[in-house]
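Taking it in order: structure first as structure tokens, then the write-up.
Letters go in sequence order (proteins before strands), and every chain restarts at 1.
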Number of protein chains: 4
Amino acid sequence: MENLAEKKKAILESTLQLIKENGFHGTPMSLVAKTANVAAGTIYHYFDSKDTLIMELFSYCQYRMQAAVEQHLRQDMDFQESFFLRWISRCQFYIQNPEVAFFIEQFVNSPFYPRCSQAQSERPQNEIMQFIEAGNRHGILREMDPKLMAIMIHSSIMTAAKAHLDGKVQLRNEEFKQLAQMVWDSIRKL
Amino acid sequence: MENLAEKKKAILESTLQLIKENGFHGTPMSLVAKTANVAAGTIYHYFDSKDTLIMELFSYCQYRMQAAVEQHLRQDMDFQESFFLRWISRCQFYIQNPEVAFFIEQFVNSPFYPRCSQAQSERPQNEIMQFIEAGNRHGILREMDPKLMAIMIHSSIMTAAKAHLDGKVQLRNEEFKQLAQMVWDSIRKL
Amino acid sequence: MENLAEKKKAILESTLQLIKENGFHGTPMSLVAKTANVAAGTIYHYFDSKDTLIMELFSYCQYRMQAAVEQHLRQDMDFQESFFLRWISRCQFYIQNPEVAFFIEQFVNSPFYPRCSQAQSERPQNEIMQFIEAGNRHGILREMDPKLMAIMIHSSIMTAAKAHLDGKVQLRNEEFKQLAQMVWDSIRKL
Amino acid sequence: MENLAEKKKAILESTLQLIKENGFHGTPMSLVAKTANVAAGTIYHYFDSKDTLIMELFSYCQYRMQAAVEQHLRQDMDFQESFFLRWISRCQFYIQNPEVAFFIEQFVNSPFYPRCSQAQSERPQNEIMQFIEAGNRHGILREMDPKLMAIMIHSSIMTAAKAHLDGKVQLRNEEFKQLAQMVWDSIRKL
DNA sequence: AATGAATGAGGTTTCATTCAT
DNA sequence: CATGAATGAAACCTCATTCAT
């Protein structure tokens with residue numbers, strides 16, 4: 001995933017940017033080609049179809065997200081600290097990569113999403129779920145279907161990031177902590 | 001809003017259904033016309049363009065949601081009871097009207113959404129915000145920008161409903177209560 | 001022709017005005033209806049089709065032109081004076097009724113024109129031709145097919161009027177006389 | 001202008017022919033495509049829109065006319081001879097290229113024309129005007145706004161050609177000379 | 001006589017995709 | 001590998017016309 005042909009990467013990045021700005025509708029292949037400085041036909045060397053391109057873009061975004069989050073993880077933390085760090089670093093990733101956030105949200109709310117393999121579509125939640133199950137083994141968290149809990153947590157991250165990106169609120173250190181605390185209090189045993 | 005010409009309503013409902021199933025892309029005007037049993041041109045009697053149709057559909061969904069929620073409200077409840085009732089009844093509305101849920105989520109994550117007036121786009125959150133401000137006057141809720149809190153609450157409702165509709169979890173009375181409790185614990189002063 | 005039903009006249013006049021501003025293309029029946037303050041269906045009480053409306057409009061314009069020109073004719077003039085008067089008064093009619101001028105020119109250069117009866121299409125030239133034949137009987141005019149001469153004269157009138165209406169030149173008394181003289185010198189025996 | 005891509009030229013020529021036969025109305029892009037033996041979409045490779053196509057067609061006609069007229073010019077002629085030659089060769093060009101004549105006349109009487117740049121729209125008259133100004137320097141022509149005189153001359157050429165093409169008169173050598181003489185007598189000092 | 005909602009054929013244009021170079 | 005002219009199905013939309021009221 002790190003050694004993408006230069007042109008392939010240019011195509012992915014251009015598409016990501018254009019979809020952020022114009023949505024799926026407003027992103028014809030001809031425009032992707034122009035923005036990526038390649039010929040229209042070249043795109044079809046790397047992707048079978050527009051659908052394929054978009055599906056791969058979703059993988060590409062998940063990969064970028066994963067890579068970013070891993071950088072922040074450390075071992076010497078207790079469970080709560082670890083939760084705060086994860087929540088905040090994910091949220092900051094979306095804020096620093098708005099085109100990823102907008103693309104993912106459009107994608108998961110489109111007819112593309114149900115066509116992903118489960119393994120693929122649930123990967124981000126799964127990582128959170130493993131974390132939850134670790135918490136459960138220590139009896140820290142409240143009783144709840146871990147899958148549902150993971151979904152709620154993931155949504156809280158994305159929602160906060162989008163609110164910031166849409167300019168509806170401004171998130172600073174203070175607010176990140178408030179939000180992480182808020183979500184923490186919603187999942188822990190009181 | 002209650003006396004929509006019969007054909008106009010048929011067009012709105014058909015579009016809603018089709019977008020749920022096929023997304024914006026997969027919903028050409030010709031298909032809307034066929035599904036609504038009107039001629040293609042008739043749509044343009046009621047809506048200036050496809051864009052207009054979709055924008056009006058958003059208003060229409062907000063209206064339907066509002067009307068549904070109001071049915072459940074009662075006066076003789078304390079603040080927490082009222083919160084639970086509201087959270088659960090909204091969530092159930094989305095579950096009982098999946099086409100509304102799917103449409104709204106597609107819409108707010110599309111380039112259409114930023115083109116709505118603020119007044120229009122923030123109406124659902126505003127209603128929640130007023131509720132929050134009432135809570136604040138009683139000193140019940142934790143310190144936090146009410147706008148942000150409203151956004152987080154609204155998102156939790158939609159997220160839970162979608163998880164259910166996508167078949168990822170199954171929400172029953174038990175789970176509704178758990179979820180409402182979870183969100184309640186995240187906003188109240190501990 | 002003088003007792004046109006009020007609505008019929010409103011339709012004709014609206015069409016004339018709209019075609020001047022927007023051309024045939026830019027003049028849909030719905031717009032004619034709105035401008036004339038009648039319902040779309042009403043137009044079809046008075047005219048079989050849009051084509052019929054346009055054909056009748058041509059007659060209507062010829063009638064208006066004829067009526068205007070006749071007002072100016074007097075008996076006690078020699079041939080040349082009469083020519084000048086006719087040339088100038090026709091030219092002024094077009095300038096004072098630009099919508100007629102623009103419509104006629106569009107009409108005669110459209111596929112409608114060849115579908116007119118000869119009698120109809122040549123009426124304006126015929127009147128000029130009778131005048132020419134009178135001149136010929138007095139041996140005043142140069143040898144030339146009277147039909148061709150009539151066409152050339154008629155065209156000179158319209159051309160001058162359009163140049164004025166398009167703002168390319170400004171015609172005042174002086175210029176009218178120059179022009180009439182110019183055309184007169186082109187048809188008389190030198 | 002001489003090395004137009006083969007397909008582009010086919011599109012222009014087909015459009016020209018079709019507009020002659022059916023007018024602007026009766027010339028849908030689909031028919032242009034079929035007649036030019038290209039796909040509908042191909043037209044939009046070369047022209048932004050139907051409007052653009054028609055505007056470019058006007059330039060193309062002016063270019064063809066210009067090229068044709070230049071072939072006939074010679075140096076060793078006095079002013080009057082030169083005038084006759086120019087008048088007649090232009091008139092014959094229109095007669096030999098009726099689709100150009102019909103297109104130009106439709107175009108200049110349509111809402112397209114006012115949208116041309118002045119430079120563009122007055123080019124044919126300008127060339128005549130320069131000729132007139134040369135005549136004025138020799139004191140040969142009568143006193144008159146050269147612009148107006150140019151317009152009248154240009155119109156006489158087109159009018160004669162159209163009368164012939166419409167079958168209203170038949171122009172042969174004899175008549176060309178008569179007409180050129182007639183116009184010459186209308187502009188020269190008597 | 002008059003209305004205007006409704007029709008649907010057909011117009012212009014877009015765009016994912018192909019293929020000869 | 002890469003190009004981009006060419007394709008043509010299908011999208012959005014218009015508008016002359018009809019007909020129940």
ring-ring contact (aromatic ring centres under 6.0 Å, His included) against D/His45, all qualifying residues, sequence neighbours excluded
none
Taking for each residue the nucleotide of DNA chain E bearing the nearest heavy atom, is the 5' side occupied by C/Val38 or by B/Val38?
C/Val38
Side-chain N or O of D/Lys7 closer than 4.0 Å to phosphate OP1/OP2 of F/dG4:
no
For F/dA2 and A/Tyr46 - does any side-chain N or O of the residue sit under 4.0 Å from the phosphate oxygens OP1/OP2?
yes
Those residues that, when tested against C/Ser49, pass side-chain hydrogen bond (donor to acceptor under 3.5 Å, both in side chains) (two or more places apart)
C/Thr52
The side-chain hydrogen bond (donor to acceptor under 3.5 Å, both in side chains) partners of C/Tyr46 (sequence neighbours excluded) come to none
Holding to salt bridge (charged side-chain N to carboxylate O under 4.0 Å, His left out), I want the full list of residues that pass it with [X], two or more places apart in sequence or in another chain.
X	result
B/Glu99	B/Arg64
B/Asp51	B/Arg115
D/Lys50	none
A/Lys20	none

I need the [atom1]-[atom2] distance between [X] and [N], as an integer number of Å.
X	N	atom1	atom2	result
A/Asn22	E/dT14	CG	C1'	15 Å
D/Asn37	F/dG8	CG	P	11 Å
D/Leu31	E/dG11	CG	P	9 Å
B/Glu6	E/dA6	CD	C1'	13 Å
B/Ile11	E/dA5	CD1	P	13 Å
B/Phe47	F/dT14	CZ	P	15 Å
B/Lys34	E/dA6	NZ	P	21 Å

Quick one: does C/His45 reach the base of E/dA1 with a side-chain donor-acceptor pair under 3.5 Å?
no
Working to the nearest 0.5 angstrom, can you tell me the gap between A/Leu16 CG and A/Thr27 OG1?
10.0 Å
Could you write out each protein N or O paired with an N or O of nucleotides 15-19 of chain E at a distance under 3.5 Å?
residue, atom, partner, partner atom, Å
E/dA16, OP1, A/Lys50, NZ, 3.0
E/dA16, OP2, A/Met29, N, 2.4
E/dT17, OP2, A/Tyr44, OH, 3.1
E/dT17, OP2, A/Lys50, N, 2.8

What residues in residues 103-115 of chain B put a non-hydrogen atom under 4.0 Å from any atom of DNA chain F?
none
Taking only residues at least two apart or on different chains, which pairs with a member in residues 100-113 of chain C satisfy salt bridge (Lys or Arg N to Asp or Glu O under 4.0 Å)?
C/Glu105-C/Lys162
Hey, what bend do you get for the helix from E/dA2-F/dT21 to E/dT21-F/dA2 if you fit axes on five pairs at each end, rounded to 10°?
0°
Applying side chain to side chain contact (heavy atoms under 4.5 Å, CB included), can you list everything that pairs with D/Gln62, at least two apart in sequence or on another chain?
D/Phe58, D/Gln120, D/Arg123, D/Pro124
Inspect the contact between A/Glu13 and A/Lys8 and indicate whether a charged nitrogen and a carboxylate oxygen are less than 4.0 angstrom apart.
no
